[in-house]
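Just below is one structure, and these are the notes that go with it.
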2 protein chains.
Amino acid sequence: MAAALAILDEHGLPDLTMRRLAATLDVQPSALYWHFANKQTLLASIADQIVSRAVPREVRDGDWSSATRAEAEALRDALLTFRDGAEVVSSTLALGLGAGEPQSRLAAAIRRGGFDPQTSEVAAAALLHFVLGHVSHEQQRLQADSLGVVAEGHSADPATAIGGRAAFDFGITLLLTGLELQLLTSTPGGHPTRSLGGTAQ
Amino acid sequence: MAAALAILDEHGLPDLTMRRLAATLDVQPSALYWHFANKQTLLASIADQIVSRAVPREVRDGDWSSATRAEAEALRDALLTFRDGAEVVSSTLALGLGAGEPQSRLAAAIRRGGFDPQTSEVAAAALLHFVLGHVSHEQQRLQADSLGVVAEGHSADPATAIGGRAAFDFGITLLLTGLELQLLTSTPGGHPTRSLGGTAQ
DNA sequence: ACCTGAACACCGTTCAAGT
DNA sequence: ACCTGAACACCGTTCAAGT
């Protein structure tokens with residue numbers, strides 16, 4: 001695991017191959033298959049490792065909204081800790097392997113706002129999709145810039161500052177205020193005006 | 001292009017290799033490199049092809065919010081048209097190649113609400129990240145289910161109906177109502193309470 | 001203009017066999 | 001319990017050469 005994380009951080013996801021990992025461990029590639037069933041399993045473990053580094057800062061007031069924001073920011077920081085971190089996590093999460101922790105943590109924070117479990121889970125998924133998409137984008141831009149690959153006006157023009165913390169916080173704000181409004185417009189104990197209707201299955 | 005799209009839709013992204021594509025065209029693999037510089041370029045063209053199929057339904061009232069929603073839904077439909085469509089588009093978009101169209105269309109729709117260009121662009125990026133993340137998730141679930149791979153209680157339990165149109169619409173609603181609120185709380189011509197501050201660069 | 005042939009430098013994974 | 005050796009079935013890409 002340590003060797004794999006080192007390769008990931010120093011050379012990136014495309015260079016994290018079973019053969020290369022074996023080589024740095026002075027071992028035959030086949031030896032890895034005693035420890036991991038396959039590469040996907042290995043990547044899932046790495047994803048868990050990265051994600052477990054996400055520890056939200058203590059938030060003084062018990063506000064659910066800032067607690068959720070703290071979770072999202074902790075997750076972003078953790079993903080930024082390792083090169084290609086967001087891609088590793090989102091790919092293993094897409095394959096349905098491990099890494100259910102981030103969504104659970106986000107959902108738990110949201111639930112403190114009084115949302116029902118299903119709404120909390122779906123909102124958490126929305127937040128997670130945004131975080132992963134944003135940080136993936138951010139990291140790709142980082143190494144594209146470091147490689148000097150500009151690819152037509154696509155670089156860090158301040159007009160479209162899609163990457164960066166300000167844009168991240170803005171996206172989180174949109175989702176959280178959207179949720180807040182959800183809370184106000186739904187008549188408690190009555191018919192919520194906008195909720196996951198019976199069409200969800 | 002047609003042959004590549006056919007392989008993608010029938011066998012999925014992992015099976016869309018240069019050698020396989022060449023074989024279905026009764027041609028040597030090296031022949032493809034006269035038409036495309038490399039595989040990434042080919043995938044970028046495919047992504048454009050998929051995305052160009054996104055035609056939003058006509059929205060009767062000129063409401064910016066429903067226009068934006070229509071764009072997002074058209075994009076989702078287009079991505080769902082081809083197997084692994086979301087992954088193809090988000091990977092090429094991550095590499096900074098082509099496919100700037102979806103974000104532009106979303107941003108244009110948002111701008112009709114009176115948002116400044118930068119806010120519109122960043123909000124469009126947030127929407128796009130959500131759409132791609134959601135549909136990726138959805139498509140992966142689709143073929144995981146079709147393969148009978150269940151991978152511990154992870155399948156289509158109605159409690160966490162993350163995939164599907166209802167969850168999609170809910171996520172879009174969160175972002176759009178968040179934007180609406182942004183419009184109300186910012187004093188026009190004054191200091192917006194929540195905007196992309198000077199920290200953005 | 002468009003393609004072949006042949007090669008280069010890789011992949012992930014399996015499996016009998018060793019210690 | 002943990003690893004080697006050797007193989008299988010692939011990859012993307014380059015490049016001289018053909019027509």
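Predicted model, so just to flag it, every value in this text is computed and none were measured. Proteins come first, then strands; the chains are lettered A, B, ... in the order of their sequence lines, and each starts at number 1.
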For this session: Quick one: stems involving DNA chain C, counted as three or more successive Watson-Crick or G-U pairs, both distances short of 3.5 Å.
Result: C:4-8 with D:12-16, C:12-16 with D:4-8
Seminar exercise, completed: Residue set satisfying salt bridge (charged side-chain N to carboxylate O under 4.0 Å, His left out) with Arg111(B), at least two apart, ordered chain then number -> none
Roughly how far, to the nearest 0.5 Å, is the [atom2] atom of [Y] from the [atom1] atom of [X]?
X         : Y         : atom1 : atom2 : answer
Leu183(A) : Thr177(A) : CG    : OG1   : 12.5 Å
Leu179(A) : Phe115(A) : CG    : CZ    : 4.5 Å
Glu180(B) : Leu174(A) : CD    : CG    : 11.5 Å
Glu87(B)  : Gln139(B) : CD    : CD    : 8.5 Å

For this session: Can you sort out the partners of Phe36(A) under ring-ring contact (aromatic ring centres under 6.0 Å, His included), two or more places apart, ordered by chain and number?
Result: none
Problem set entry | Partner set under ring-ring contact (aromatic ring centres under 6.0 Å, His included) for Phe82(B), not counting sequence neighbours | none
Has the side chain of [X] got a donor or acceptor atom that lies under 3.5 Å from a matching backbone atom of [Y]?
X         : Y         : answer
His129(B) : Ala125(B) : yes
Arg83(A)  : Leu13(A)  : no
Ser52(A)  : Gln49(A)  : yes
His134(B) : Gly164(B) : yes

Value in whole Å for how far the [atom2] atom of [N] lies from [atom1] of [X]:
X        : N       : atom1 : atom2 : result
Trp34(B) : dC3(C)  : CH2   : P     : 8 Å
Lys39(A) : dC11(C) : NZ    : P     : 9 Å
Phe36(A) : dA1(D)  : CZ    : C1'   : 16 Å
Ile7(B)  : dC11(D) : CD1   : P     : 10 Å

For this session: With sequence neighbours excluded, tell me which residues meet side-chain contact (heavy atoms from CB on, under 4.5 Å) with Ala78(B).
Result: Arg53(B), Ala54(B)
Exercise. Under the side chain to side chain donor-acceptor pair (under 3.5 Å) test, which residues partner Asp9(B), sequence neighbours left out?
Worked result: none
Problem set entry | With Arg20(A) via side chain to side chain donor-acceptor pair (under 3.5 Å) - residues at least two apart | His11(A), Asp15(A)
For this session: Verify side chain to side chain contact (heavy atoms under 4.5 Å, CB included) between Leu43(A) and Leu16(A), making sure each step is shown before the conclusion.
Result: CA-CA 9 Å; Leu43(A) 284 177; Leu16(A) 179 48; 4.1 Å; yes
Report, one pair per line, the protein and nucleotides 7-9 of chain D atoms (nitrogen or oxygen only) whose separation is under 3.5 Å.
none

Between the side chains of [X] and [Y], is a donor N or O closer than 3.5 angstrom to an acceptor N or O?
X         : Y         : value
Ser45(A)  : Asp48(A)  : no
Thr173(A) : Arg69(A)  : yes
Thr68(B)  : Arg112(B) : no

Using a cut-off of under 3.5 Å, enumerate the N/O to N/O pairs linking the protein to nucleotides 17-19 of chain C.
none

Looking at [range], who's got a heavy atom less than 4.0 Å off DNA chain C?
range                     : result
residues 11-18 of chain A : Thr17(A), Met18(A)
residues 21-32 of chain B : Val27(B), Gln28(B), Ser30(B), Ala31(B)
residues 40-48 of chain B : none

Exercise. Mind checking the P distance from dC2(C) to dA17(D)? Whole angstroms is fine.
Worked result: 22 Å
Problem set entry | side-chain N/O His35(B) vs dC3(C) OP1/OP2, d < 4.0 Å | yes
